[in-house]
Amino acid sequence: MTGELLLSVRDLVKQFPVAGTAGLFTPAKLFTAVDGVSFDLHAGQTLALVGESGSGKSTTARLAARLLDVTSGSIQLDGQDVTTRKGKDLAGVRRTVQVVFQDPFSSLNPRHTVERIVTAPLLYQQRDIPGGSRDFTRSLLDRVGLNPDWLDRYPAQFSGGQAQRIGIARALAIGPRVLVCDEAVSALDVSVQAQIINLLRDLQAEEGFGCLFIAHDLAVVRQIATSVAVMTAGKIVEAGERDAVFGDPKHEYTRRLLAAVPRIRPEWEAARRAKAAAR
Amino acid sequence: MTRYLVHRVLGMLFVLFMVCLFTYMVFFLLSPDPAVQICGKTCTPERIDQIRANLGLDDPFLAQFLHFLQGLFTGRDYGAVHCSAPCLGYSFQSSQVVTDMIVQRLPVTAVVAVGAAVLWLLAGVIGGLISAVREGRFADRFITALTLGGMSVPNYVLALALQYVFVVQLQWLPFPQAVPFADDPAQWFLNFILPWTVLAVGYASSYTRLTRANVIDTLSENFVRTARAKGLRPHLVWRRHALRPALTPIVTIAGMDFAGLLGGALITETVFGINGVGKLAADSITKNDQPVIMAVTLLAAFFVVVGNMAVDLLYSAIDPRVRAGATS
Amino acid sequence: ACSGGASPSTSGNASGGTAVKGGTVTVLQTTDFSYLDPARGFDGGVNAFYRLVYRTLITKAANDAADPNAMVPDLAEGLGQVSADGLTWTYKIKDGVKFDTGAPITAQDVKFGISRAWDPEIGIGAPYLRQLLATPATYQGPYQSGENPAIETPDDKTVVFKLKAPFPEFDAVLSMPSAVPFPVGTGAGTTFINDIVASGPYDLDTFTPGSTIKLKRNPNWDAATDTERKAYPDAWNFAIGIDGATIDERLIAGQGADVNAMAGSVQTATIARLQTPQLQDRVVKAPSTCLTYVGLNTSKKNLSDVRVRQAINLAVDKTSLLNATGGNQFATIASTIIPSNVSGHADYDLYPSTGNTGDIEKAKALLTEAGLPNGFTLTLDIRTRPVAQAQGEAIQQSLKRVGIDVKLNVIDAATYYETIATPSQQHDAAITGWCPDWASSASTFLPPLFDGRQITDKGNQNLAQLNDVTVNAEIDRIKALTDLAEANKAWGELDQKIMELAPVVPVNVENRIYLPGSNVAGLVAPQGDQDYAIIGLKDASKG
Amino acid sequence: MSISSTELEAAGAPDTGALVAAPDPRRSVWHVLLRDPSAIACLTYIGIVVLMALFAPLIVRVSGWGPYDFDQTAIDPNLGGIPLGPAGGISAEHWLGVEPQSGRDIFARIVYGARASMLIAVSATALTTVLGVVFGLLAGYFGGRTDMVISRLMEFLMAFPALIFMIAVLSALPADNRQYLLVLVISVFGWPYLARIVRAQTMSLKQREFVEAALASGASRTRLVFTEILPNLRSTILVMVTLAVPGYIGTEAGLSFLGVGVVPPTPSWGQMISSSVGWYSVVPSYFLVPGTFLALLVLSFMVLGDRVRSAVDPGGR
Amino acid sequence: MSLLRVNGLTVKFGDTTVVDGLGFELPKGGSLGIVGESGSGKSMTSLAVMDLLPKGARRTGSIVFDGIELRGLPERRMRTIRGDRIAMIFQDPLSSLNPYYTVGTQIAEAYRSHRSGVSRRAARRVAIEAMERVHIKEAGRRVDDYPHQFSGGMRQRVMIAMALSTEPELIIADEPTTALDVTVQAQILDLLAEVRRDTGAALIMITHDLAVVSEVADTVVVMRYGDVVETGTTEQIFSDPRHPYTQALLDAVPRIDDTIGDLRTLGGHP
Ligand SMILES: Nc1ncnc2c1ncn2[C@@H]1O[C@H](COP(=O)(O)OP(=O)(O)OP(=O)(O)O)[C@@H](O)[C@H]1O
Ligand SMILES: Nc1ncnc2c1ncn2[C@@H]1O[C@H](COP(=O)(O)OP(=O)(O)OP(=O)(O)O)[C@@H](O)[C@H]1O
Ligand SMILES: [Mg+2]
Ligand SMILES: [Mg+2]
Ligand code: NI
């Protein structure tokens, strides 16, 4: 792989108790949401996790970002085992790993200003804000392509795509080396989606972070990922370089998934391209 | 499901136990010596001591509390008087077994509570539904104004006002009289009209508001749009699709409110001279009859806790989502 | 002086018309009777009820009698025969008196009924028998200790009482409810809480505690044996738990069966509505025998000085207090301790002022003399009842004028008397009242309130904690007098002597204002209380 | 190849300025309220009552009668002490008439009564809110055992027949500091109702991704609860507070009606009503004046609460 | 002859116009796709046709269905068309089904409200048949289940069964597959195609997914800010988009089988 090994996950298992199954003297039945997942993430790499709804993608991402405790398995960050860290010991993880969430509005506190939201990681980690809070926010907003003068606004005053950029700005505030994007573009319109994907791609090129990109839209994944892992029922059934997976799917499930993607007829596409080129 | 039930029952028993303990403790600490009260106006210290010994009042707190608990299950003796289980104590003011006093009054309170509940549920649900489907129009404003008024007038003021207007001035209703149902059902019914109304007004107001809010919420649900898209008649859409889901939380609250009322409608019963549990409580408080106050408190707490549980179970019966979750 | 009020005999006017036999009289009341068991209850309200169902050896004369305060024989053939040493009283029981069971009332039954007063749980009623009879201290009533050695029954018709010390008014003691006879062996535990054994003209029909009591005729009561009870109605219906204002409304409206209804005194607010001629005709105004007074705790720092107490007596604005009580229809300003319709009353006013509004000058002078020219702070105990609060506020306002800062200490009505009767919990002053147990003399008025030797740690009635040697001696002297008239005169003089010490501020004597239904006849109340036994309907077919 | 922004505008792109119209959550509630006539009316009335309470001594100096001054010339001792003159003794001297039996000035007592009533209601609301919010937040956020303990406590308190218990306890306790006791007792039994709502809200807020985002940003749990979740409860709390105040005014009045309210001679509106009920048919104004003041105050708070609710949550309810 | 002709349709909320003079035409048995980004007024258009606009919305313009002018039609008559001749399928099947009633009841309800004198039993049979037609296994048993007991795809099938039970002439599907997985989406699209083949119903498919439209529709309407920017046959729109917005939109669509490169965005600072 291109860069140094940032995140290494081995045999990750996460089980949830199933509500209502607990007997009087027996514990609740367990549902295995993530079942022996392993992967590596290198700097500059974008690893996409794809799979149908409920296959355990988000859970995997949360485990990797240490937002959930694992049932078993190990997580190594920068060569250090962080699997069982708790409370204050997680500061190191928080400094390295940041998350961009699916729903741009739900993930921004509606009662906080942009400035407060974007500087929150620094505040919470009790770090100095380089160049003062306002200037820092301005430069950050500028970086994600937002008007720097909007720093006193509230999330409700933004469109979905703008809000998602604020989410990205927040994640970038502390200069993370691992960025976890859990369905970061699924809630957005195609056109906005395209903007955000481009933004992420550009930022990654500048900063060289490793990106764990969760999505269920294979078409989007194809645009952004360097490698792909396909999940179903909590397991990774196929993993590899993007072109290998898309071009020559080995696993039956991957093939089904690819086949189900709706397509515009290629001949129409070709015709359009030709006309566009002519214009 | 069984586990859930067992949990609920255990939780309920725990809460009841705590209520018992706390009430007993409070009254133990606050209460003036019951023996002095029993002894009456003219009394000697020896007689007081004797009464204390007789009633077990000279035991330490814990022993007394245990006796009380024991009495609940096995009954107990107060001097020459036997109080059979569940024994809620012995009234020192009227020298009666408290259980008897309550048994005598509970049916009256139940009549008051049931009648009022029927009234307020009908008024609240119908009013709320009308208000919701006519949102923003005259009917809605009118009903909203009524409910705000209904919630702002203290019920003792309302009770007196209604009595003055309908009984004294217009003479449409007779003065309340204690008539057993069997003797004269018509008179019996007339007697309860005012208390039912007074009790119902406050509740009906808040139920109207609640129903309105819930129905407005459900009206904006997608499934209501689906129902309309099916071409259903509006009354079917409102009744079946908007009201039914909106009623679920109302049933929950109604159960609790009703249970609360079984513990006595203190003010209404007092104002109208209805000889129910609430009046018993009010009278006992003015007489400082601690055992009775304690018993009424416990009874009311019991109803609330049991009502709460009943509502939880009912909830799973009326909401298919919960039902499936609980039985699986 | 009885400045505001008329003399008792004229104001105790009766409701017009004459009663006939038959019909049902309804009594509307707010609170339940305390106890159906006469060994337990002895308050004014229930005493009137007892008179309908129970008989005693001696009883108070009917309200319409020439001397309504007098003691007359009831079950007994005559008043008691007292021995020369004054320690033995003998009574003979009339022939033909029976319980509702049909069993004749015997001397043993009288003895048994009276002995119940010693049972520690049952005998919480009138205390005089227990205090006077020579019963050993260890006696625990008939159920636990058997025979009462102080009462002898030489034969079925004769009862002999042995006293610890002479008590010339022993007849009055036997008129108390605790002297009601009961068949031997009955009434243990809580039996009589919900049931009775009637000896009077009526018997319990139905009883729903807190709601209704219905009485029907007792077929075994023989009118020939009873001179005091007329028992006109066929039935009585006590409707309980009705709000006071509602009762007044019903009485004023007089709809339907309410023409046969009566009740206790009307609410203060109702007086203004009774001014129409039709209602005025029905109103019966009856001065009570109860004094409302402020006890001044002489054991407290400033109040131990008689000048301070006199200053307070002078400074209190009795007119505003009267208005707070309900105005001059509802009460009469009092300057003496013994109310005017209790035998023994003497007229005087040691602390006069114009218009009874208080003499500020004189009060201030006395305070200055006592070294308190700037006044002091005084805590006044009051009950949570509205009237008491209004009275407390009036006292607060009037004493403010002489620099006395009154702090009102509100005590829950239920525990009020218990609290102020406990010297350790009692404050500087308290508003309270006192009614005599019998109005034929002041022996149940002055001694309980001012006998210094009766101050106890609990259940103390001497709120002033006055312990004056001369007063004590005088009390002993008068109690020993066997001539009632002489004794009453002496009580009146003692009243004034006590007021010179100013241990209390007499406030007023409340009037009862009754509004019986238009068909009710025979309501006479010379001492304030009603006598149900002589009340009936004018027309039994009405209502 | 990308489309230039001019083309976009040609296609009718909305001016980004249009988004500025989106409400600033801090100001919107006030804005909405100040444009609503009924809300303004309510606020005005509440304002008057508050001013009355604050400046009671000054107002009473102007009106001439103190709340405790007896006026024997204003009442008729022959008729049970009813006020002289029509309409309960309303005159130039006694603006709202006088109290029967004592002749005290009703206006002065209303003014002073506002003090007691508002003080009790407002402090009880403050105390309940603090208790309710803190316990609700803790239970809702931490769940598990904390939630178990707090929920049981709430269940326990809610199981009590509060009125019976309050009366019993208040009447048994010494009356010295009745005002504080009232506040305390009302609050102890009142907070679970707020806490229950705060708890439910917290539980649903906890599911929102911004909480997880804060966690991922490295926030400690306490900071998370108090800086991320608490501000989002603002509207709930605001609504609850505006509805709690009338509730507690009513409770105080009810307790006073039952004889366990403020201690005389201090007036409160509830106490005034309770002492006037017996006179309602004889001196209606004595009963109507405090009754109207009270009902209007409660109504104002209710309507205000209603308006606040629709201002903070224009969608429904 | 056209089944539905919409002309100058305008929907306003107060002063804001959310659909602005929209017009299109749909022949009997034809299929029309409406595309456009979020908020462009697609749903409002479909609701306007059904006269189901939310409170506060006003519509003007003409909507002619099978020769009947729907605008100004009394609610009573509109009801006979709604659900019977025009049926609608909504995006989120869970929230669009009433959780308190069994799916059977809800399907039967649609049928019974348009066929007078149908017994409960008969309606239930119709419900089971409809469920069988959308390939729900063991329909006879599942007819008594509640919506939450079905998976997302199954629920959408129930919605379709409900729409089909009255054999409508026009089905309006408002983003019927947005909430579903790609694999399930493919099944549902297949099912819709099958149903149309069987019953000859016309279809209006509303979506923002251009690829979906390209597979389903004969004619496409592209909307933006409440306006039609372009209308044409599917082939024309996809192979020869005239309007710059359509072109930009097509450029922005990520494709599974396209080369990797910068996605064309609609430019500018959002
Ligand atoms: N806190 C939890 N408690 C119980 N079960 C959970 C919890 N979180 C997730 N699950 C279950 O774990 C499984 C995997 O969930 P997850 O959110 O990881 O799926 P996903 O692949 O992200 O799906 P989607 O595409 O819908 O977001 C699901 O079946 C879900 O119901
Ligand atoms: N009740 C309403 N009040 C005011 N404006 C509304 C209301 N409902 C919808 N709108 C506005 O109408 C416009 C069109 O909404 P519509 O739901 O038709 O869009 P859509 O194209 O279906 O979008 P999506 O793809 O998100 O479903 C939007 O700008 C929306 O904000
Ligand atoms: Mg997910
Ligand atoms: Mg839409
Ligand atoms: Ni005199």
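Proteins come first, then strands; the chains are lettered A, B, ... in the order of their sequence lines, and each starts at number 1.
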Presence of salt bridge, A/Arg273 and E/Asp251, under 4.0 angstrom
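Between A/Arg273 and E/Asp251 there is no salt bridge, as every charged N stays at least 4.0 Å from the carboxylate O atoms.
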Using every non-hydrogen atom in the two residues, find where [X] and [Y] come nearest and quote the distance to one decimal.
{"X": "A/Arg272", "Y": "E/Gln247", "value": "NH1-O, 4.0 Å"}
{"X": "E/Asp209", "Y": "A/Pro262", "value": "OD2-CG, 4.3 Å"}
{"X": "E/Glu215", "Y": "A/Arg263", "value": "OE2-N, 3.1 Å"}

Can you check whether E/Thr234 reaches A/Trp268 side chain to side chain, under 4.5 Å on heavy atoms?
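A side-chain contact exists here, since the closest heavy-atom pair is under 4.5 Å.
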Just verifying a value: how many Å separate [X] [atom1] and [Y] [atom2], rounded to the nearest 0.5 Å?
{"X": "A/Glu269", "Y": "E/Ser214", "atom1": "CD", "atom2": "OG", "value": "8.5 Å"}
{"X": "E/His208", "Y": "A/Gln193", "atom1": "NE2", "atom2": "CD", "value": "8.0 Å"}
{"X": "A/Glu52", "Y": "E/Asp181", "atom1": "CD", "atom2": "CG", "value": "5.5 Å"}
{"X": "E/Thr183", "Y": "A/His216", "atom1": "OG1", "atom2": "NE2", "value": "10.5 Å"}
{"X": "E/Glu235", "Y": "A/Glu267", "atom1": "CD", "atom2": "CD", "value": "7.5 Å"}
{"X": "A/Ile264", "Y": "E/Ile237", "atom1": "CD1", "atom2": "CD1", "value": "11.5 Å"}

Per-residue contact mode, E/Gln187 against chain A (heavy atom under 4.5 angstrom):
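Neither part; nothing is under 4.5 Å.
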Tell me, for E/Leu250 versus chain A, whether the close heavy atoms (under 4.5 Å) come from the side chain, the backbone, both or neither.
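For E/Leu250, heavy atoms of backbone and side chain both lie under 4.5 Å from chain A.
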